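Both backbone and side-chain heavy atoms feed into the values below; hydrogens, waters and symmetry mates do not. Just so we're clear, the structure is a prediction, and the values are computed from it rather than from any experiment.
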Amino acid sequence: FDEEIKLIKKDILENENKNDKIAILISNIRKEKSEQLSRIVNHELSHLKMDGIKFLINCNEKKEKTIIGKDEIFFLIRNNNLAVQDLDKIVSGGELSRILLALKVSLAKETEGLTLIFDEIDRGIGGATAESVGERLSILSKTEQILLITTMHTLQKWVEHVVSIG
């Protein structure tokens, strides 16, 4: 009986070591890919006339690893060289929709067939910015189904079907 317990403890220790190595590998890949994704998203944000916004991804190591690794991921924003803050604490609904649009366009080759809902993406924009948002939505609509809630006719011209309410 003691011999079986020793074997089980040895197996547990070996598996923990394997899990640690895998967690480190996953963490390194996440850090590398988060830097790449940040660059691509920031490029997309410039197309959406959000030049003063810098999108950052922060991978922090948690004290305890879980089944999905040892990292905690945060989306951060720096607005016009001000202090970096959590995305959800600094952006408005319309800005958040445009950042999501930039993120989705950046990932369009990796994910296909989703239904995305954008509400108030047109808030506080017009002219060239609205045109850029429309172009990005058009690109994204080639692989995703888009539900856009808007009052802006400039954005409506970029879609195949328009449903008017009221």
Within this structure, what is the CG-CD1 distance for the pair Asp71 and Ile24, rounded to the nearest 0.5 Å? 10.5 Å
Check the surroundings of atom NZ in Lys49: do more than 12 heavy atoms from other residues, nucleotides or ligands lie under 6.0 Å from it? yes
For residues Trp158 and Leu148, determine if any side-chain heavy atom of one lies less than 4.5 Å from a side-chain heavy atom of the other. no
Residue pair Leu76, Asp86: steps toward the side-chain contact (heavy atoms from CB on, under 4.5 Å) verdict: CA-CA 5 Å; Leu76 306 169; Asp86 287 340; 3.1 Å; yes
State, to 0.1 Å, how close Leu48 and Arg98 come at their nearest heavy-atom pair, and which atoms those are. CD1-O, 3.4 Å
Between Ala102 and Glu44, what is the shortest heavy-atom contact and its length? CB-CB, 3.7 Å
For a quick test of reading the model, state the closest non-hydrogen atom pair linking Glu144 to Leu114 and the distance between them. OE1-N, 2.6 Å
In this structure, would Leu87 and Ile53 fall into the same cluster of hydrophobic residues linked by side-chain contacts under 4.5 Å? yes
Just checking Lys33: does its NZ atom have more than 12 heavy atoms from other residues, nucleotides or ligands closer to it than 6.0 angstrom? no
What are the two closest heavy atoms between Ile139 and Val105, and how far apart are they? CG2-CG1, 4.5 Å
Would you confirm whether Ser132, through its side chain, and His47, through its main-chain N or O, come within 3.5 Å as a donor-acceptor pair? yes
Determine, using the 4.5 Å side-chain heavy-atom cutoff (strictly less than), whether Ile77 and Ile73 are members of one ILVMFWY cluster. yes
Show your reasoning for whether salt bridge (charged side-chain N to carboxylate O under 4.0 Å, His left out) applies to Glu131 and Lys157. CA-CA 10 Å; Glu131 288 290 325; Lys157 78 177 188 178; 3.1 Å; yes
Are Ile40 and Ile99 connected in a single hydrophobic cluster, I mean Ile/Leu/Val/Met/Phe/Trp/Tyr linked by side-chain heavy atoms less than 4.5 Å apart? no
In a check of side chain to side chain contact (heavy atoms under 4.5 Å, CB included) between Met152 and each of Val133, Ile125, Ile121, which one passes? Ile125
What are the two closest non-hydrogen atoms of His43 and Ser46, and how far apart are they? O-OG, 2.5 Å
Under a single-linkage definition using a 4.5 Å side-chain heavy-atom cutoff for Ile, Leu, Val, Met, Phe, Trp and Tyr, are Val41 and Leu107 assigned to the same hydrophobic cluster? yes
Ser38 side chain vs Ser34 backbone, donor-acceptor pair below 3.5 Å: yes
One should read off an interatomic distance between Leu37 CG and Leu56 CG, to the nearest 0.5 angstrom, of 11.5 Å
Please determine whether residues Ile90 and Met50 belong to a single hydrophobic cluster, defined as Ile, Leu, Val, Met, Phe, Trp and Tyr linked transitively by side-chain heavy-atom distances below 4.5 Å. yes
Between Thr115 (side chain only) and Gln145 (backbone N and O only), is there a donor and an acceptor less than 3.5 Å apart? no
So OG of Ser106 and CG of Leu140: to nearest 0.5 Å the spacing works out to 10.0 Å
Any salt bridge linking Glu61 with Lys70? Criterion: basic side-chain nitrogen under 4.0 Å from a carboxylate oxygen. yes
What is the distance from atom CD1 of Ile57 to atom CZ of Phe75, rounded to the nearest 0.5 Å? 5.0 Å
Roughly how far, to the nearest 0.5 Å, is the CG atom of Asn19 from the CD1 atom of Ile26? 9.0 Å
Atom pair CG/CG of Asp51 and Asn42 - distance to nearest 0.5 Å: 10.0 Å
